[in-house]
Undergrad: 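Pasting a structure below so you can have a look.
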Amino acid sequence: PQGCGGGRSPPPPPPPPPPSSSSGAAANSWVAGNSPYIAEQRSVQVPPGETLGVEGGVRALFGDGQGVFVSGALVASGRVDASIEFGPQPSSAECAAWNGIDVAASSTGLLLRYAWLVGASTALTVQSETDAPMVVESCAFDDWQTAAISYNTAGPASLVIRSSTFRLRPSALVALALPAGDSAAVAGQGPSVIEECVFARSSRVALQIEGTQPTISSNTFLGDAGGD
């Protein structure tokens, strides 16, 4: 998305779009050959007891205010040479934000690997009350409005955020008319592990963690160095 994303071209290059579905139902598997998947008017629902798998090379695009609501499990596992994109639908209003991925408290698992989440209000929200694994690894978060990741882990399992990058670019602050306030890249409470990540953004707070002491190690904080 050029208007909201500061001119960065999304990986991978978009294939010709197939007809989009507005049913809101999630198929069990999203494959690159059917990409992009477009939810322009209704959010995607992953019901309890079901798993949505997303393979490398998939683009998932969302209209203003739409997103993915996970009551079951989400396994989005890209590769270093075939990442997954979750972002705004280009045909929606300029700089409109999609709602991100919302993982319910009773969800049975989350894996995001080699995924790019861009242009969301809050890119990932995790509410966890179980021992289900919640893992974010080798992902990139760009140009969020409120937070890149917001979490509340009340169960025994930690949210693991590993080897990921967070970047709120100055051009996006202007394009999205965002205040340079104290919104954090990662904000939450409860058990968490945040390691080997890079926070390269403008003047906002990188981490805002409350409650249970998190495990934070080997991260890089670049302040204003993470421009376009």
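A quick note: this is a predicted structure, and the numbers were derived from the prediction, not measured.
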Undergrad: Shortest non-hydrogen contact from Ala132 to Gly109?
TA: CB-N, 3.8 Å
Undergrad: Just say parallel, tilted or perpendicular for the rings of Phe166 and Trp144, cut-offs at 30° and 60°.
TA: perpendicular
Undergrad: So does Gly72 get a backbone contact from the side chain of Thr108, meaning a donor-acceptor N/O pair under 3.5 Å?
TA: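 The answer is yes, because a donor-acceptor pair under 3.5 Å joins these two groups.
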Undergrad: Under a 3.5 Å distance rule, please check whether Thr125 uses its side chain to pair with a backbone N or O of Ser150 as donor and acceptor.
TA: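 Not at all, since once roles are kept as given, no pair shorter than 3.5 Å links the two residues.
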Undergrad: Please indicate whether Glu55 has more than 12 foreign heavy atoms, meaning atoms of other residues, nucleotides or ligands, lying under 6.0 Å from its CD.
TA: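 For Glu55, atom CD is crowded (more than 12 foreign heavy atoms under 6.0 Å).
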Undergrad: Work out which heavy atom in Ser164 is nearest to a heavy atom in Ser138; give both atom names and the distance.
TA: OG-N, 3.4 Å
Undergrad: On a heavy-atom basis, which atom in Ser106 and which in Thr130 lie closest, and how many Å separate them?
TA: CA-CG2, 4.3 Å
Undergrad: Looking at Gln127, is its backbone amide N or carbonyl O close enough to the side chain of Asn152 to form a donor-acceptor pair, meaning the two atoms are under 3.5 Å apart?
TA: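 Such a contact is absent between Asn152 side chain and Gln127 backbone.
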Undergrad: Do you know which of Leu110, Asp102, Ile101, Val70 makes side chain to side chain contact (heavy atoms under 4.5 Å, CB included) with Val126?
TA: Leu110
Undergrad: Do you know which two heavy atoms are closest between Val44 and Ala39, and how far apart they sit?
TA: CG2-CB, 4.0 Å
Undergrad: For Ala140, does its backbone N or O pair with a side-chain atom of Thr165 as donor and acceptor, under 3.5 Å?
TA: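 Checked: no pair found.
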Undergrad: Just verifying a value: how many Å separate Gln89 CD and Asp64 CG, rounded to the nearest 0.5 Å?
TA: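 Reported value, rounded in 0.5 Å steps: 11.5 Å.
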Undergrad: Out of curiosity, does Leu112 fall in the hydrophobic cluster containing Trp30 (side-chain heavy atoms, cut-off under 4.5 Å, transitive links)?
TA: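 Shared cluster, yes.
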Undergrad: How far does CZ of Arg162 sit from CD of Glu137, to the nearest 0.5 angstrom?
TA: 5.0 Å
Undergrad: Considering non-hydrogen atoms only, spot the tightest contact between Gly67 and Trp98 and give its length.
TA: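 Nearest pair, atom of Gly67 first, then Trp98: CA-CE3, 4.2 Å.
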Undergrad: Let me know which of Thr215, Ile161, Val135 forms a side chain to side chain contact (heavy atoms under 4.5 Å, CB included) with Val193.
TA: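 For Val193, the side chain to side chain contact (heavy atoms under 4.5 Å, CB included) check succeeds only for Thr215.
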Undergrad: For the SG atom of Cys139 and the CH2 atom of Trp116, what is their distance to the nearest 0.5 Å?
TA: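 So the SG of Cys139 and the CH2 of Trp116 are separated by 13.0 Å.
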Undergrad: What distance do Met134 atom CE and Ser107 atom OG have between them, rounded to the nearest 0.5 Å?
TA: 4.0 Å
Undergrad: Count I, L, V, M, F, W, Y as connected when their side-chain heavy atoms are under 4.5 Å apart, and connections chain through other members. Are Leu52 and Val58 then in the same cluster?
TA: yes
Undergrad: So, taking the atom named CD1 in Ile194 and the one named CD1 in Ile216, what distance separates them when rounded to the nearest 0.5 Å?
TA: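 Nearest 0.5 Å value for the CD1-CD1 distance: 5.0 Å.
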Undergrad: Report yes or no: do Val75 and Leu117 belong to one cluster of Ile/Leu/Val/Met/Phe/Trp/Tyr joined by side chain heavy-atom distances under 4.5 Å?
TA: no
Undergrad: Does Leu74 reach the side chain of Thr51, with side-chain heavy atoms less than 4.5 Å apart?
TA: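 No. Closest side-chain heavy atoms not under 4.5 Å.
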Undergrad: Determine whether a donor-acceptor pair (N or O, by modelled atom type, separation under 3.5 Å) exists between the side chain of Tyr114 and the backbone of Ala76.
TA: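 Side chain of Tyr114 to backbone of Ala76, a donor-acceptor pair under 3.5 Å: no, none is there.
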Undergrad: Checking Asn219 side chain against Val198 main chain: does a donor-acceptor pair fall under 3.5 Å?
TA: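 A pair under 3.5 Å: no.
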Undergrad: Rounded to the nearest 0.5 Å, what separation is found between the OG atom of Ser218 and the CD atom of Glu196?
TA: 5.5 Å
Undergrad: If I compare all heavy atoms of Tyr151 with all of Pro191, which pair ends up nearest, and what's the gap?
TA: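 In this case the closest contact between Tyr151 and Pro191 is CE1-O, 4.3 Å.
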